[in-house]
Amino acid sequence: MLIKRRFEELEELRGKGFEPYAYSFAVDSNSEDVKANFIENSEEKRTVKIAGRIMAIRRMGKASFAHLQDMKGRVQVYLRKDDIGDSYDAFKLMDIGDIVGIEGYVFKTKTGEISVHVTDLQLLSKSIRPLPVAKETTDEHGNKVVHDQFVDKELRYRQRYVDLIVNSTIKDTFIKRSRIISAMRNYLDAKGYLEVETPILQPLYGGASARPFMTHHNSLDTDLYLRIADELYLKKLIVGGFDGVYEISKDFRNEGMDRTHNPEFTMMELYVPYKDYVWMMQFVEIMIQNICTVVFGKIDFVYEGKNISFKSPWKRVSMVDVIKEKTGLDILKGTNEELKETAKKYGVDILKAEGRSKLIDELFSVTVQPELIEPSFVVDYPLDLSPLAKKHRTINGLVERFEGYVAGREICNAFSELNDPIDQRDRFEGQVRLREEGDAEAHQIDEDFIRALEYGMPPTAGLGVGIDRLVMLLTDQSSIRDVIFFPQMKPEVNQ
RNA sequence: GGGCGCGUAGCUCAGGGGUAGAGCAUCUGCCUUUUAAGCAGAGGGUCGGUGGUUCGAGCCCACCCGCGCUCACCA
């Protein structure tokens, strides 16, 4: 088939003395630079060496045009038999997808496209699989129209390398992702917080409510878990005396997958001693604004057609108030019966949401959360949903916790960290009871963490930011799979 | 895990019981400023898989595999 044909071409090229897999090529320019630095009607011809993948070929006998694609985009090149001789015959054996290096001078064609007139052509890598190339045209309004674009989601995710070659716009999202993380890291570093690494393989998992992945260490003959959060280890480092630590890394949760959940996902967790959640709210607001400005040069965005501005101040509402406002129910004073009634009224499945706090959480998700479009902090959560957060300093039954919401989605979660070892043990024991009642996501008791708290942990503010979701928000992507290079898929059975 | 939808050439898609189709890509010939280059010709398919119904199955039925959307769960 097609691949076989390409093998033949490859051997033919080798026969002609063209090594199809070169060792290097001294690039001194790129597609963007060639076009940006072209001087109209210049006496002097500018010579450049560029390398890239052939994405289109238009052959006209003894001369051809082709488009080369590099990291910066595409540029047209012009090849003539008169100029390159034998290389032109070799070029006839080259295909869309081949990677070549060229030397030539920059000129403008009759139709006005800045191009490179090739004086030397080298094959750098022969492609033996046909690329699903789309063609682009411009309609009467000057809009770019792509014909037969490579759109099969399964193929795009499984063969992301192909997706990246042929769908040039997606590359941009991933570049943005990388820059968002860099900007965050730079910001945290500038504040003097130390980036650290803690174990991914853990004998106990903790720091969140989730089911873990399990693995086994052979020489220790021990079951280990892939972490579901970094939290407990990072707080142990705060006990150790660091002035603020953070970690940007993968967490793993063995749960359902959908457009906002991938089994492995990237989280940033930050812990700052001597601060509380009020301080952290301010911090998050400014950090996000900073990232937006550095990466995008703006703080106003559109997500799924909705306008979102990260301008200060973000709305701050307490969970109690916002639920009361929406449903008329005071979750602190209302009886269990009233709560159940209200929940039912708003369509909460009260059989699934067992326990008062879970019911409140569910009621919140259904009634309030979808309406939190502009950046908002929801403050003060029911105590038993948050076994690692400090009790509220004035309101009984709540903890000092906030979540940031944008476009109806949670983007961060933070609390004044619980540093009372006796209270922490009580809370863990509450989780054990939940586990005994069948809650597979309840926390395990981490004795070493309690021991660390017993040595004394300063009052600390902690924060977790879901990086993938932040990237989705800022790049207007509706599926987490479109901000992760290689989203989790079932294994291919055979090729 | 449930519901809905999809799977046909390398890619994008038609075809819904009676000889497997189109455009792009590929191959051959012509063509030294083209740009979805053009002109003339050609090749290319286990129609996701396995069974079944039928004289006959991409097409109808069952099961399986994969993907998407969605619900449940979660960040």
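All values reported here derive from a predicted model rather than from experimental measurement. We name chains A, B, ... by the order of the sequence lines, and we start the count at 1 in each one.
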Applying the Watson-Crick and G-U wobble criteria at under 3.5 Å, what pairs with [N]? Answer none if nothing qualifies.
| N | result |
| --- | --- |
| rC67(B) | rG5(B) |
| rU50(B) | rA62(B) |
| rU32(B) | none |
| rU26(B) | rA42(B) |

Same-atom distance ([atom1]) from [N] to [M], integer angstrom:
| N | M | atom1 | result |
| --- | --- | --- | --- |
| rG17(B) | rC31(B) | C1' | 48 Å |
| rU8(B) | rG58(B) | P | 15 Å |
| rG48(B) | rU34(B) | P | 44 Å |
| rA25(B) | rG18(B) | C1' | 32 Å |
| rA37(B) | rG56(B) | P | 48 Å |
| rG16(B) | rG21(B) | C1' | 15 Å |
| rC55(B) | rC13(B) | P | 37 Å |
| rA62(B) | rU70(B) | C1' | 25 Å |

Has Lys236(A) got its NZ or CZ under 6.0 Å from the middle of the six-membered ring of Tyr233(A), at an angle within 45 degrees of the ring axis? yes
Can you confirm if the NZ or CZ of Arg59(A) lies within 45° of the ring axis of Phe91(A) and under 6.0 Å from the centre of its six-membered ring? yes
Within the 6.0 Å centroid threshold, strictly below: Tyr187(A) and Tyr193(A): no
Determine whether the aromatic ring centres of residues Tyr225(A) and Phe252(A) are separated by less than 6.0 angstrom. no
Any base atoms under 4.0 Å from [X], or only sugar-phosphate, or nothing? Heavy atoms, all strands.
| X | result |
| --- | --- |
| Glu113(A) | base |
| Met267(A) | nothing |
| Val166(A) | nothing |

I'd like to check the side-chain hydrogen bond (donor to acceptor under 3.5 Å, both in side chains) partners of Asp70(A); sequence neighbours left out, ordered by chain and number. Ser31(A)
Using the side-chain heavy atoms of [X], tell me which of these nucleotides is nearest: [options].
| X | options | result |
| --- | --- | --- |
| Phe107(A) | rU33(B), rC11(B), rC67(B) | rU33(B) |
| Asp95(A) | rU26(B), rU34(B), rU33(B) | rU26(B) |
| Met60(A) | rU32(B), rC13(B), rC24(B) | rU32(B) |
| Glu9(A) | rG68(B), rC27(B), rC31(B) | rC27(B) |
| Lys110(A) | rU33(B), rC11(B), rU34(B) | rU33(B) |
| Arg481(A) | rA36(B), rG68(B), rU34(B) | rG68(B) |
| Thr109(A) | rC69(B), rU33(B), rC11(B) | rU33(B) |
| Pro130(A) | rA36(B), rG10(B), rG68(B) | rG10(B) |

Just how far, in rounded Å, is [atom2] of [N] from [atom1] of [X]?
| X | N | atom1 | atom2 | value |
| --- | --- | --- | --- | --- |
| Met257(A) | rA72(B) | CE | P | 18 Å |
| His117(A) | rU33(B) | NE2 | P | 11 Å |
| Leu155(A) | rU8(B) | CG | C1' | 14 Å |
| Glu154(A) | rU12(B) | CD | P | 11 Å |
| Met94(A) | rC27(B) | CE | C1' | 18 Å |
| Asp163(A) | rC11(B) | CG | C1' | 13 Å |
| Asp148(A) | rC13(B) | CG | P | 8 Å |
| Arg211(A) | rG1(B) | CZ | C1' | 11 Å |

Would you mind listing every ring-ring contact (aromatic ring centres under 6.0 Å, His included) that reaches into residues 110-137 of chain A, with sequence neighbours excluded? Tyr78(A)-His117(A), Tyr105(A)-His117(A), Phe107(A)-His117(A)
With syn defined as a glycosidic torsion within 90 degrees of 0 and anti otherwise, which applies to rG66(B)? anti
Based on the glycosidic angle (syn within 90° of 0, else anti), state the conformation of rG58(B). syn
rU12(B) phosphate, OP1 or OP2, under 4.0 Å from Lys135(A) side-chain N/O: no
rG68(B) OP1/OP2 closer than 4.0 Å to side-chain N/O of Lys153(A): no
Hey, which sits more toward the 5' end of RNA chain B by its nearest nucleotide, Arg259(A) or Gly256(A)? Arg259(A)
Residue met sooner reading RNA chain B from 5', once Gln76(A) and Val133(A) are mapped to nucleotides: Val133(A)
With a cut-off of 3.5 Å and sequence neighbours excluded, list every side-chain donor-acceptor pair involving residues 369-385 of chain A.
{"residue": "Gln369(A)", "atom": "NE2", "partner": "Gly408(A)", "partner atom": "O", "Å": "3.2"}
{"residue": "Glu371(A)", "atom": "OE1", "partner": "Lys326(A)", "partner atom": "NZ", "Å": "3.4"}
{"residue": "Glu371(A)", "atom": "OE2", "partner": "Lys326(A)", "partner atom": "NZ", "Å": "2.9"}
{"residue": "Glu374(A)", "atom": "OE1", "partner": "Ser309(A)", "partner atom": "N", "Å": "3.3"}
{"residue": "Ser376(A)", "atom": "OG", "partner": "Glu374(A)", "partner atom": "O", "Å": "2.7"}
{"residue": "Asp380(A)", "atom": "OD1", "partner": "Tyr277(A)", "partner atom": "OH", "Å": "2.6"}
{"residue": "Asp380(A)", "atom": "OD2", "partner": "His392(A)", "partner atom": "NE2", "Å": "3.1"}
{"residue": "Tyr381(A)", "atom": "OH", "partner": "Glu403(A)", "partner atom": "OE1", "Å": "3.1"}
{"residue": "Asp384(A)", "atom": "OD1", "partner": "Ser357(A)", "partner atom": "OG", "Å": "2.2"}
{"residue": "Asp384(A)", "atom": "OD2", "partner": "Ser357(A)", "partner atom": "OG", "Å": "3.1"}

Those residues at least two apart in sequence (or on a different chain) that pass salt bridge (Lys or Arg N to Asp or Glu O under 4.0 Å) with Arg185(A) are Glu195(A)
Please identify each residue that fulfils salt bridge (Lys or Arg N to Asp or Glu O under 4.0 Å) with Glu9(A), with sequence neighbours left out. Arg5(A), Lys126(A)
Check whether Arg481(A) reaches the backbone of Asn262(A) with its side chain - one donor and one acceptor, N or O, closer than 3.5 Å. no
Determine yes or no for a side-chain-to-main-chain donor-acceptor pair under 3.5 angstrom, with Asp95(A) supplying the side chain and Gly97(A) the backbone. no
With no angle test and no hydrogens, is the base of rC73(B) tied to the side chain of Asp258(A) by a donor-acceptor pair under 3.5 Å? yes
Tell me, which of residues 77-85 of chain A have any heavy atom that sits under 4.0 Å from an atom in RNA chain B? Tyr78(A), Arg80(A), Asp82(A)
